[in-house]
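A quick write-up on the structure given underneath.
Both ligands and their constituent atoms are indexed starting at 1 by order of listing.
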Amino acid sequence: MGLPPGFLAEYNADRGFDFLTALRYFPATSSDENNGISAHEDGNCITFVLQDGVGGLEVLGEDGRWVPAEPVEGSIVVNVGDVLQVLSNKKFKSATHRVVRRPGAHRHSIAFFLNLHGDKWVEPLPEFAAHAGEPPRYRGFRYNEYMQLRMRNKTHPPTRPEDVVHITHYDI
Ligand SMILES: O=C(O)CCC(=O)C(=O)O
Ligand SMILES: [Fe+2]
């Protein structure tokens with residue numbers, strides 16, 4: 001990333017909020033939307049996904065088309081999360097992704113979410129802003145605040161899609 005070695009490990013030294021999920025997606029049926037996980041960005045730092053050979057994970061391209069992240073034997077998918085997008089002043093983008101269930105097979109995946117302590121302050125690092133001669137693209141925020149807003153998207157879903165809180169909430 002162009003940062004001193006060990007910078008991120010030091011910035012984010014608390015491993016107490018990381019989590020691992022094991023997911024099972026049932027085969028698609030013709031009678032439902034076949035949606036496994038709807039389109040979203042991961043809110044954390046970085047996510048590692050191990051998937052089986054079934055497929056269905058898709059990433060939204062800049063042209064608005066969904067690109068399949070086809071399984072590659074022995075490889076893991078690395079998702080940049082919103083925190084890394086902000087720290088890098090949008091040099092690294094948090095990809096919009098989803099899982100579409102496929103007919104005929106159960107899909108299994110394991111996702112590891114590298115996370116931050118809720119008290120952590122998140123803002124573009126000087127290396128990607130002032131020192132790079134770039135204006136900061138985000139206001140700083142406490143990680144917990146963003147997590148609460150994202151949770152509210154789920155507990156009190158806004159009626160207008162434009163009111164759903166994304167990381168763009170902190171755009172400058
Ligand atoms: O199951 C997958 O491949 C991805 C899961 C995912 O995107 C998530 O849990 O945030
Ligand atoms: Fe995700």
Side-chain angles (χ1 to χ4, degrees), residues 1 8 11-12 14-30 32-118 120 122 138 141-158 161-171:
M1 283 178 74
L8 280 179
Y11 167 80
N12 179 23
D14 189 339
R15 299 273 57 82
F17 291 81
D18 296 352
F19 58 96
L20 183 89
T21 55
L23 297 158
R24 180 186 191 187
Y25 301 86
F26 284 78
T29 61
S30 51
D32 61 23
E33 281 189 284
N34 302 332
N35 237 347
I37 296 188
S38 55
H40 67 281
E41 295 86 34
D42 292 351
N44 56 310
C45 288
I46 198 160
T47 310
F48 302 109
V49 180
L50 272 156
Q51 56 173 337
D52 64 13
V54 172
L57 177 60
E58 298 181 343
V59 180
L60 189 61
E62 283 185 352
D63 58 1
R65 278 195 294 207
W66 289 100
V67 181
E70 292 294 355
V72 177
E73 177 91 41
S75 72
I76 57 172
V77 176
V78 178
N79 270 340
V80 167
D82 291 338
V83 167
L84 218 52
Q85 177 167 312
V86 172
L87 293 178
S88 72
N89 207 25
K90 216 173 178 180
K91 185 168 178 191
F92 297 92
K93 311 249 171 52
S94 174
T96 304
H97 56 283
R98 68 180 184 183
V99 178
V100 178
R101 292 191 282 126
R102 292 189 172 170
H106 290 256
R107 174 177 185 269
H108 300 85
S109 66
I110 294 172
F112 176 73
F113 295 85
L114 194 86
N115 215 350
L116 279 190
H117 190 294
K120 201 80 191 172
V122 183
Y138 300 97
F141 58 91
R142 212 163 57 86
Y143 186 55
N144 244 350
E145 181 198 308
Y146 181 45
M147 287 299 100
Q148 279 162 12
L149 290 170
R150 280 176 61 109
M151 190 56 75
R152 222 185 137 71
N153 287 338
K154 293 192 175 137
T155 56
H156 302 76
E162 59 269 37
D163 292 335
V164 175
V165 173
H166 297 274
I167 199 64
T168 48
H169 182 69
Y170 299 106
D171 275 355

Tell me if a side-chain donor or acceptor on Asn153 pairs with a main-chain N or O of Val164 at a distance below 3.5 Å.
no
What part of Asn79 sits under 4.0 Å from ligand 1 if we count only heavy atoms: the side chain, the backbone, both or neither?
neither
Atom 9 (O) of ligand 1: the protein heavy-atom neighbour that sits closest, reported with distance to 0.1 Å
Phe113 CZ, 3.5 Å
Arg15 side chain to Asn12 main-chain N or O, any donor-acceptor pair under 3.5 Å?
yes
Can you tell me which portion of Ile37 lies within the under-4.0 Å heavy-atom range of ligand 1? Options are side chain, backbone, both, or neither.
side chain
With the Fe ion (ligand 2) at the apex, how many degrees lie between NE2 of His40 and NE2 of His97, rounded to 10 degrees?
90°
Could you tell me whether any N, O or S atom belonging to Asp42 is less than 2.8 Å from the Fe ion (ligand 2)?
yes
Atoms in ligand 1 flagged as close to Leu23, the criterion being non-hydrogen separation under 4.0 Å
1 (O), 5 (C), 9 (O)
Numbered atoms of ligand 1 (with element) below 4.0 Å of Asp42, judged on heavy atoms:
10 (O)
Where on His40 is there a heavy atom closer than 4.0 Å to ligand 1, on the side chain, on the backbone, on both, or on neither?
side chain
Only one of Asp42, Asn79, Asn115 clears side-chain hydrogen bond (donor to acceptor under 3.5 Å, both in side chains) with Thr47; which?
Asp42
For Asp18 and Leu114, indicate whether the former's side chain and the latter's backbone hold a donor-acceptor pair under 3.5 Å.
no
Atom indices of ligand 1 within 4.0 angstrom of His97 heavy atoms, with elements:
7 (O)
So that I can tick it off, tell me whether Arg102 and Glu58 are bridged by a salt bridge, with the cut-off set at under 4.0 angstrom between side-chain N and carboxylate O.
no
Is the closest heavy-atom distance from Arg98 to ligand 1 below 4.0 Å?
no
Going by an N to O cut-off under 4.0 Å, is there a salt bridge joining Asp82 and Arg150?
yes
Whether over 12 other heavy atoms sit under 6.0 Å from Glu62 CD:
no
Would Tyr170 and Tyr146 count as a close aromatic pair, with their ring centres under 6.0 Å?
yes
For atom 3 (O) of ligand 1, what's the nearest protein heavy-atom neighbour? Residue, atom name and distance, please.
Arg107 NH2, 2.8 Å
Taking heavy atoms and a distance under 4.0 Å, where does Ser109 meet ligand 1: side chain, backbone, both or neither?
side chain
Would you say the ring centroid of His106 lies under 6.0 angstrom from that of Tyr25?
no
Has ligand 1 got any nitrogen or oxygen that is less than 3.5 angstrom from a nitrogen or oxygen of Thr21?
no
